[in-house]
Amino acid sequence: MSSSARTITEKILSTKAGREVTAGDYVEAEIDAMVGHDVTGPLAIEVFESVTGEDGTVANPENVVFTLDHHAPADGVEAANNHNIVRDFAETYGTHQYEISDGICHQVMIEEGFVRPGDLIIGADSHSTTYGGLGAFGTGVGSTDLGTVFATGELWFRVPETIRFEVEGALPDGVYAKDLILRFIGDVGFDGATYKTAEYGGSAIADLPIHQRLVLSNMAIEMGGKAGIVEPDDRTVTYLERQSGLDVSLDPDLVSDPDADYEAVYTYRGSDLAPQVSKPSNPENAVDIDEVAGTPVDQVFVGTCTNGRYEDIRAVADVLKGEQIDSNTRLIVVPASKTVYQTCLETGVLETLVDAGATFQSAGCGPCAGYHQGVLGDDDVCLATANRNFPGREGSMQSQVYLASPATAGATALYGEITDPRGLETERYDDYAVATAEGGR
Ligand SMILES: CC(C)[C@H](C(=O)O)[C@@H](O)C(=O)O
Ligand code: SF4
């Protein structure tokens with residue numbers, strides 16, 4: 001290791017701190033963008049007001065974003081009041097604020113152009129690691145931190161060590177980023193990357209379209225990760241241009257140096273991997289799908305900041321086009337954003353799914369954290385494209401949740417039991433007119 005070799009994490013935090021830092025150092029840095037939502041926003045606002053008093057000022061209101069997504073539309077008086085607290089604050093202080101129709105914070109942040117490679121982004125939501133799929137350093141903070149950063153614009157960090165997950169070679173058909181990340185979490189455990197950056201690389205990762213890279217970064221927190229990063233490349237630039245309307249030029253130095261110091265490196269061969277399912281009730285319970293295939297499922301839930309993008313929902317439609325879901329199974333589809341919803345509408349994906357028997361809900365978190373419509377009863381077994389399956393996560397403490405990819409979700413909805421998507425006669429229907437940014441799989 002040459003002493004100047006650095007990880008992408010060390011490079012981003014060095015730039016932000018204005019001096020050379022390495023893992024273990026402490027930095028104080030200005031935040032490029034920050035987000036709070038209808039659950040964490042009101043508490044952050046309360047903290048801000050108690051810190052600054054009546055005449056407080058938000059340091060950089062143009063960098064502050066609020067979304068209304070966990071209870072969208074409001075499902076009770078408390079939620080409705082919380083929405084109004086956020087709306088009032090945003091209006092008073094001139095911050096950005098998105099409405100109940102707009103979607104999940106992380107998807108909105110990306111679509112609305114708040115995320116660029118090399119940025120330092122915080123959110124009062126644990127899945128703020130998602131931004132690393134675009135080469136940013138994104139991390140979750142508590143409401144107290146967020147409320148304070150409204151006032152100061154800055155936050156301190158300990159520069160994390162990095163664990164690299166490297167996947168070489170092509171992924172087999174039916175195996176996606178979701179399967180990779182479930183495998184990684186299964187291998188290192190739910191706390192295996194605590195306060196580390198999970199960095200994903202190798203030719204299989206470079207081949208992934210951005211919507212799949214975002215799955216890897218999103219779920220870094222499920223192994224304790226402070227951040228999850230994929231080095232940005234031309235695909236990142238194209239994606240940001242098409243999906244976020246940003247004109248970004250690629251900094252060739254925004255990658256980890258080849259001899260950077262990693263705490264651990266895990267290597268995989270793409271061709272060795274099978275579709276994965278995480279059994280109840282921890283994402284680390286990942287197994288090859290063979291082990292659980294045939295398990296009856298009462299509900300399939302497709303959505304969330306992990307796998308609620310257009311390409312995910314379309315993967316389910318590809319399986320279900322012209323078919324009916326199993327009569328003993330419900331299928332709930334919740335698009336991650338209004339834009340995703342509109343794309344499903346314009347391309348016929350929505351019609352396909354509704355024809356197949358799906359319930360299609362408005363954009364937001366849906367039942368992901370057990371807050372909104374579609375929660376599970378005591379005896380319910382669900383397969384979800386979500387990121388967490390802790391006890392009670394999607395409703396009753398007795399309910400059971402399995403985690404898997406959208407392709408597995410589609411196959412499972414079709415047969416009413418956990419079903420391997422490989423070998424299903426799934427077609428990609430080209431009449432779904434809107435292509436993905438990179439023409440991804
Ligand atoms: C409500 C919010 C604090 C929470 C989080 O931070 O992750 C939620 O989004 C979740 O996924 O459990
Ligand atoms: S979709 Fe789920 S994981 Fe993502 S922010 Fe909403 S509740 Fe949290």
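Since the structure is predicted, the reported quantities are computational estimates derived from the model, not experimental observations. Counting starts at 1 for both ligands and their atoms, in listed order.
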Quiz item: Going through the distances and angles, do Arg422 and Asp420 end up as a salt bridge (charged side-chain N to carboxylate O under 4.0 Å, His left out)?
Solution: CA-CA 5 Å; Arg422 290 172 302 184; Asp420 192 332; 2.7 Å; yes
Quiz item: For atom 12 (O) of ligand 1, which candidate among His37, His127, Arg393 holds the nearest heavy atom?
Solution: Arg393
Quiz prompt | Check: Val65 main-chain N/O paired with Thr95 side-chain donor or acceptor under 3.5 Å | solution = no
Quiz item: Just wondering, more than 12 heavy atoms not from Tyr415 lying within 6.0 Å of its OH?
Solution: no
Quiz prompt | Geometric N/O contact Tyr371 with ligand 1, under 3.5 angstrom | solution = no
Quiz prompt | Heavy-atom gap Arg393 to ligand 2 smaller than 4.0 Å | solution = yes
Quiz prompt | atom 6 (Fe) of ligand 2 to nearest N/O/S of His106 less than 2.8 Å | solution = no
Quiz item: Relative to each other, are the rings of Phe360 and Tyr341 parallel, tilted or perpendicular (30° and 60° limits)?
Solution: perpendicular
Self-check item: Of the listed options Asn387, Val39, Asp125, closest to atom 9 (O) of ligand 1 (non-hydrogen atoms)
Solution: Asp125
Practice problem: Starting from atom 8 (C) of ligand 1, find the nearest protein heavy-atom neighbour and note its residue, name and distance. | Solution: His70 NE2, 3.5 Å
Quiz item: Taking 2.8 Å as the cut-off, does an N/O/S atom of His127 lie below it from atom 4 (Fe) of ligand 2?
Solution: no
Quiz item: So which heavy atom in the protein is nearest atom 6 (O) of ligand 1, and how far is it from that ligand atom?
Solution: Ser126 N, 2.8 Å
Practice problem: Please confirm whether Tyr131 and Phe114 have ring centers closer than 6.0 angstrom. | Solution: no
Quiz item: Nearest protein heavy atom to atom 1 (S) of ligand 2, by residue and atom, and its distance?
Solution: Cys305 N, 3.4 Å
Quiz prompt | ligand 2-proximal atoms of Asn387, by part, heavy-atom distance under 4.0 Å | solution = side chain
Practice problem: Using a 4.0 Å heavy-atom threshold (strictly under), name the region of Thr306 that reaches ligand 2: side chain, backbone, both or neither. | Solution: neither
Quiz item: Checking side-chain hydrogen bond (donor to acceptor under 3.5 Å, both in side chains) against Asp312, which of Asn307, Thr306, Thr385 comes through?
Solution: Asn307
Quiz item: Given side chains that start at C-beta, do those of Tyr402 and Ser278 come closer than 4.5 Å, heavy atoms only?
Solution: no
Exercise. Check ligand 2 against Ala369 and write out every atom of the ligand that is under 4.0 Å from a heavy-atom position of the residue.
Key: 7 (S)
Practice problem: Assess the pair Phe150 and Tyr93: is the distance between their ring centroids shorter than 6.0 Å? | Solution: no
Quiz item: Where does His37 meet ligand 2, judged by heavy-atom distances below 4.0 Å: at the side chain, the backbone, both, or neither?
Solution: neither
Practice problem: Considering heavy atoms of the protein only, find what lies nearest to atom 6 (Fe) of ligand 2 and give residue, atom and distance to 0.1 Å. | Solution: Cys365 SG, 2.4 Å
Practice problem: Please report which non-hydrogen protein atom sits nearest to atom 3 (C) of ligand 1, along with the residue it belongs to and the distance in Å to one decimal place. | Solution: Thr40 CG2, 3.7 Å
Quiz item: Which of the numbered atoms in ligand 1 are below 4.0 angstrom from a heavy atom of Arg388?
Solution: 7 (O), 10 (C), 11 (O), 12 (O)
